[in-house]
2 protein chains.
Amino acid sequence: MLDSTDMRILEELSNNSRITMKELGEKVHLTGQAAADRVAKLEDYGVIEGYTIKINQNKLGYFIHAFITVFTESISHQPYLTFINTQEQYIINNYKISGDGCYLLECKFPSHETLNKFLEDFNKHANYKLSIVIKNGSTTF
Amino acid sequence: MLDSTDMRILEELSNNSRITMKELGEKVHLTGQAAADRVAKLEDYGVIEGYTIKINQNKLGYFIHAFITVFTESISHQPYLTFINTQEQYIINNYKISGDGCYLLECKFPSHETLNKFLEDFNKHANYKLSIVIKNGSTTF
DNA sequence: CTATTTAACTTGATAAATGAAAGGATTTGA
DNA sequence: TCAAATCCTTTCATTTATCAAGTTAAATAG
């Protein structure tokens, strides 16, 4: 379905999604139009789900990046899910997982105070285990 | 530092980073040029770290999304870190964390077979606890 | 109170990118 | 072998981005 040129296009767009089609074409040895056609196909096929930006959360005042392993107390997860829907500003991802815990909640907080307050409210609906990110050794793509 | 217009710009770019400056300007009630100026400042300031794409990993054949809590056996983390550097294709993020475990490893695999093989090699360098993502209730921005 | 500076924005001209249409290789299948 | 499909290129009209200059408003200083 995808050839190596498509993979290179995905790589280039991962690095800079605002690149012009002309430039992208040069990088993968195609004309701008051919590159644009390829990209349109990747969109149609659904490999490219969207175009977005990387935001530096520290610069927005979110200094704490945390993962919370969630253990819901009751049989129903609904109270927990309802609660976190009211906490959108702090939530990055809520992964339903198998293994230890029901959910893995990725979140961000401006301060220990806000985190503490969040956990107090949180604990009314579920138990948890907290992991704070010290360093992000992220890879590309 | 950032006003509400800047926040709206970040939101719009998060939703579609390939939007034209003209269109972006219309959305936030500015001319294209003013919008472009704002975006340039957000880049300079470092809030916008880059432009990227959302890739559907399933369409690339990565059907398993997992989080691995890592417990290094030896005092030195180096053997573990060296190992995962050889496994780039499977690694999304390697977060150094406080709390339970030393690292939280986010990764992707094409199949249970590749995951199993990975864990066998992995286990030579560190112990682990595996969580497989069942559903991603991700939020925006 | 007035002059000056600065920041944020608008306008207008030019250069560049985009999108659509037409056409040319190359491959695929009947 | 012929027809269709795929993938790419070229060309051109349209749209967009970019650069420089000018406007406005608010803050600052004399």
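Chain letters run A, B, ... following the sequence lines, proteins first, then strands; residues in each count from 1.
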Can you see whether Tyr80(A) engages Asn94(A) through a side-chain donor-acceptor pair at a distance of less than 3.5 angstrom?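 Tyr80(A) vs Asn94(A): donor-acceptor pair found between side chains.
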
salt_bridge(Asp3(B), Arg8(B)) N-O dist < 4.0 Å: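 A salt bridge is absent here (no side-chain N lies under 4.0 Å from a carboxylate O).
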
Output yes when Asp37(B) and Lys41(B) qualify as a salt bridge under the 4.0 Å nitrogen-oxygen rule, no when they do not.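 Salt bridge absent between Asp37(B) and Lys41(B).
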
Check: protein-nucleotides 16-18 of chain C nitrogen or oxygen pairs below 3.5 Å:
residue: dA17(C); atom: OP2; partner: Lys22(A); partner atom: NZ; Å: 3.1
residue: dT18(C); atom: OP2; partner: Met21(A); partner atom: N; Å: 3.1

Which pairs count as side-chain hydrogen bond (donor to acceptor under 3.5 Å, both in side chains) when at least one residue sits in residues 59-71 of chain A, sequence neighbours excluded?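 Qualifying pairs: His65(A)-Glu106(A).
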
Pairs where residues 16-34 of chain B contributes a residue and the test side-chain hydrogen bond (donor to acceptor under 3.5 Å, both in side chains) is met, not counting sequence neighbours: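 Qualifying pairs, neighbours excluded: Ser17(A)-Ser17(B).
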
Nearest 0.5 angstrom please: Leu13(A) CG to Thr52(B) OG1, how far?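 Between Leu13(A) CG and Thr52(B) OG1, I get 8.5 Å after rounding to 0.5 Å.
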
Ile97(B) with Phe109(A), same ILVMFWY side-chain cluster at under 4.5 Å: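 No, Ile97(B) does not connect to Phe109(A) through the hydrophobic network.
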
Outermost nucleotides of DNA chain D that come under 4.0 Å of a non-hydrogen atom of chain A: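 Here the contact window of chain A covers dC7(D) to dT11(D).
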
Identify, with sequence neighbours excluded, every residue that meets side chain to side chain contact (heavy atoms under 4.5 Å, CB included) alongside Ile134(A).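 By the side chain to side chain contact (heavy atoms under 4.5 Å, CB included) rule, Ile134(A) matches Lys96(B), Ser98(B).
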
For the pair Phe83(A) and His125(A), name the ring-plane relationship: parallel under 30°, tilted 30 to 60°, perpendicular over 60°.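 Plane angle under 30°, so parallel.
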
Evaluate the ring planes of Tyr95(B) and Phe67(A), with Trp represented by its six-membered ring, and classify them as parallel (under 30°), tilted (30 to 60°) or perpendicular (over 60°).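 Answer is tilted, since the angle falls between 30° and 60°.
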
What parts of residues 34-46 of chain A reach DNA chain D, counting only heavy atoms under 4.0 Å away?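 Per residue number, the list reads Ala34(A), Arg38(A), Lys41(A).
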
